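Numbers here simply count residues along the sequence, with the first being 1. All values below come from the heavy atoms of this structure, side chains included, with hydrogens, waters and symmetry mates left out. Note that this is a predicted model, so its numbers are computed, not measured. Counting starts at 1 for both ligands and their atoms, following the listed order.
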Amino acid sequence: MKYAIFVLVLGIACACRNDQPATGNGDQPGSADSLFSAFENSFIDAYWKQNPSAAIYAGYGKYYDILKIPDAASVKSDVDFAKHYLDSLHGFNYASLSANNKIDYRILENQFNGTIWYSDTFKQQEWDPSVYNIGGECYEIINNSYAPLTERLRTLSSHIAHSDAYYAAAINMIKQPTREHADLAVKQNKGSLEVFGSMLQDSVKASSLTEVEKDTLLQRAARTKQAISTYADALEKMLADKNFAFRNFRIGDSLFNQKFKYDIVTDYSAKDIFDKAVASKQYYHAQMFTITKELWPKYFEGAAMPADTLQAIKMMIDKIALNHASPEHLVDTINKQVNDLKRFIIEKDLFAYDTTTPLKVRIMPAFMSGATLASASLTGPYDKQGVAYYNISDLTKIPKAEAESDLREHNNYTLQILSIHEAMPGHDLQGWYSNKSRSMVKAVFGNGAMIEGWAVYTQRMMLDNGWANNAPEMWLMFYKWSLRECCNVITDYGIQCLNYSKEDVVKMLKYEAFQEDAQIAEKYHRATISQVQLCSYFTGATEINALREAYHKKKGDAYSLKDFHEKFLSYGSAPVKYIGALMLGE
Ligand code: ZN
Ligand code: ZN
């Protein structure tokens, strides 16, 4: 279940609101579909009970008091749980289900098989110490106002009652960690100590807990801090030991391919996607050079173009990047952009989207700031508010030089691509359709490759339909942006399967993808602690483009882009492969 949790934590499991009667989709009582819906409802509740920490992140509202002790028995119970539900699932006749339930069936089947594989074969629980950390879920209980504060603190008190047993089991479980994940676990767990510091003290003061309850909670918090420190110390001791035999962080070809299959859910092999990414990189370079030659006299009148094509492209990118918004006007600029984008998709008849739907551009809340310039916040599976946000970092609050570098990276051209990707018609619009599809299974187990693939797909689709009027500067920046997605694949697969060295990766990202040093350092680090996720953007988009082509062929003269979009998005955040099977007729 690790990857389901990962998706939720990243907040990309855009999802549906739980305000519909659970089985009320008009099925005949006793029909295969109504039985299947009843099965799904009882499974989802059992799933959260089995994974109480994930329930907290999803905002389910139940089982928050439980902290599962991560010992061998709990791993076995996860596997038994998956096997039990796999059996129940196989009791349904797939052919007799509705299209939407067929997709759910296959999502669940993949989820159960994935859980078994993660526990029995991948065994991340034995080599990734960063999977053990209760800071995030405790933070959610303290700060997420799903219930009155006093009640939340009582829940927290129960949740951390056995935190010492939790961390003792964790250290027991770690057989041979990788250095990279041990290092990450130390940093993240030390970060978690903050959750039990002054913020908690303030909350306790503001609550109406009894004195006895307060004492108990604060004692348990102190014990939790002690347990976290003991865990971090044990890992630091390994890290300091020159003779300690760490596991290689590279998972290798065989595990990578299997993980690719469970996480992405696609008929492409990882190697297929790697080859396509390498070909795309070459294609982008060729296109960029053509544009650079064309624009050269306009931007470098009288100056000779360097013989090295990549260097010439780099000079052109740097020149065009000087054209950017000021920190003070960034939010206004983006607000206007989003409105223009909404108008454009209606004018061009690309979607039947209700443009009065709430989508708010806002300054990024403090707890999520620092990592990226912008992000999308979608409504979670149990969020009844239903407002999507496009979050923008407040660049007036950071040093001028840093803001300048961020703004060159997100200049007047790439900023438009960012708004397409994060908001319109990328993540926020897709999230809106996903809500409308009202499928809890697809919301909870949203497919990251579909979600990211969609946002990437829309970037080119918008330019192809005339956004930015084919300005060569826009295309040049679009290709630069797209190099990031294909180089994500090359980096991930290269490091994990082809033994690429750090130097190989840094050289490629710097000279062939034109990235900044800070960005490169972050990407390399991410590629050492995650696997497959970096492939999801490019793979998802590749699949959507292939599906669109096949759908066009099937529909012939009756094809329209709007019809493709409406149909594709109507299935919710399901793997492209499953949606494709239904759109093309199984
Ligand atoms: Zn500037
Ligand atoms: Zn995205």
Do His421 and Glu452 get their side chains close enough for a donor-acceptor pair, meaning under 3.5 Å?
yes
Any donor-acceptor N or O pair under 3.5 Å, side chains Glu566, Tyr433:
yes
With carbon and hydrogen excluded and only N/O/S kept, which atom of [X] is nearest the Zn ion (ligand 2)?
X: Glu452; result: OE1
X: His421; result: NE2
X: His427; result: NE2

Considering all heavy atoms, the nearest Ser130-Asp128 contact
OG-OD1, 2.6 Å
Is it true that, when you exclude Tyr511 itself, more than 12 heavy atoms of the residues, nucleotides or ligands shown sit nearer than 6.0 Å to its OH?
no
